[in-house]
Amino acid sequence: MSRQRVSLRQELPLLVWLVIVWGALWQDFSPGNLLFGALLAIAVARLFYLPPVELSGRFNVLRAVPFAVVFLGRVVAASCQVFYLAMTQGPKVTNAVVAVPLRSHSDLMVTATGHVISLIPGSLVVEVDRSTSTLYIHGLNVRTGEDVLKLRKEVRDTEAGLIRIMGTKDELAALNQEAGNQEAAA
């Protein structure tokens, strides 16, 4: 398979990430180990077809910090809920797989949203439809239509937070327009 040349600027985040993973796997961040990891990362990126990581060029730290705090709060609350359900209902808990169409069609945004959701206890991404940017989420204790709507809202709110942090300018404008339309309708 022929590969379109990707600039080093586009490939740099992938290479840096591969070097960090290399160091973490070996639990050795010495200069020699990281240099060897960098050589392997370059070899992997040049020899094997990997789609380029398309970044928006923006990262909003002022949005990232509150997002991280809310995320950690959701992890703690969900952990307590899972513990409570396990102790009181056991295997009788009702679950559901819910389709959640996302706003963004960016692979990075879909992946980031899926990972954030999967890190929260009680929810897991079981399928991703790239063509429609739809996540299929297995949700714990989803019994009613209202619970389904709540799960969809949580996923879309997570995606909105990630768009505000690192989405493209077009995604951010569409999100702001959607928020404006909802305020006008209310």
Gap between atom OG of Ser123 and atom CG of Asn141 - 0.5 Å precision = 12.5 Å
For Ala68, check side chain to side chain contact (heavy atoms under 4.5 Å, CB included) against everything at least two apart and list the hits.
-> none
Connected to Val19, directly or through other members, by ILVMFWY side-chain contacts below 4.5 Å are Phe29, Leu34
Between atom OG1 of Thr113 and atom CG of Asp157, what is the distance when rounded to the nearest 0.5 Å?
-> 11.0 Å
Between Ala41 and Leu18, what is the shortest heavy-atom contact and its length?
-> CB-CB, 3.7 Å
Going only through I, L, V, M, F, W and Y residues with side-chain contacts under 4.5 Å, is there a path from Val116 to Leu72?
-> yes
Contact summary for Ala78 and Pro121, nearest pair of heavy atoms | CB-O, 3.3 Å
Nearest-0.5 Å distance, CZ of residue Arg74 to CD1 of residue Ile120 = 3.5 Å
Can you tell me how far the NZ atom of Lys153 sits from the CD atom of Glu146, to the nearest 0.5 Å?
-> 12.5 Å
Minimum side-chain heavy-atom gap Thr134-Tyr136 below 4.5 Å | yes
Answer yes if Leu85 and Val75 sit in the same cluster of Ile, Leu, Val, Met, Phe, Trp and Tyr residues linked by side chain heavy atoms under 4.5 Å apart, and no otherwise.
-> no
Tell me which donor-acceptor pairs under 3.5 Å the side chains of residues 166-174 have, and how far apart each pair is, sequence neighbours excluded?
unit_1, atom_1, unit_2, atom_2, d
Thr168, OG1, Glu171, N, 3.1
Glu171, OE1, Thr168, N, 3.0
Glu171, OE2, Ser104, OG, 2.4

Would you give me the side-chain donor-acceptor pairs under 3.5 Å for residues 88-95, sequence neighbours excluded?
unit_1, atom_1, unit_2, atom_2, d
Thr88, OG1, Tyr84, O, 2.8

With a cut-off of 6.0 Å (strictly less than), are more than 12 heavy atoms of other residues, nucleotides or ligands near NE2 of His105?
-> yes
Might you point out which heavy atoms bring Arg156 and Arg103 nearest each other, and give the distance in Å?
-> O-NH1, 3.0 Å
Identify whether Leu40 and Val21 are in the same connected component of the hydrophobic contact network (ILVMFWY, side-chain heavy atoms under 4.5 Å).
-> no
Please round to the nearest 0.5 Å and tell me the distance separating atom CD1 of Ile163 and atom OG of Ser106.
-> 9.0 Å
In Å and rounded to the nearest 0.5 Å, what is the CG to CG distance from Leu175 to Leu162?
-> 11.0 Å
Side-chain contact, heavy-atom cut-off 4.5 Å: Asp147 with Thr144?
-> yes
If two hydrophobic side chains count as joined below 4.5 Å and joins carry through other members, does Leu119 share a cluster with Val126?
-> no
Looking only at heavy atoms, what is the nearest atom pair of Phe67 and Thr158, with distance?
-> CE1-O, 3.7 Å
Quick one: ring-ring contact (aromatic ring centres under 6.0 Å, His included) partners of Phe36, sequence neighbours excluded?
-> Trp22
Quick one: hydrophobic cluster around Ile117, which other residues, with the 4.5 Å side-chain cut-off, linked directly or via members?
-> Val98, Val100, Leu102, Val110, Val125, Val128, Leu135, Ile137, Val142, Val148, Leu151, Val155
Sidechain-backbone polar pair: Asn33 side chain, Asp28 backbone, donor-acceptor under 3.5 Å | yes
Cluster check Phe59, Phe71: I/L/V/M/F/W/Y, side chain < 4.5 angstrom = yes
Between Asn60 and Leu62 the two heavy atoms that sit nearest each other are OD1-N, 3.0 Å
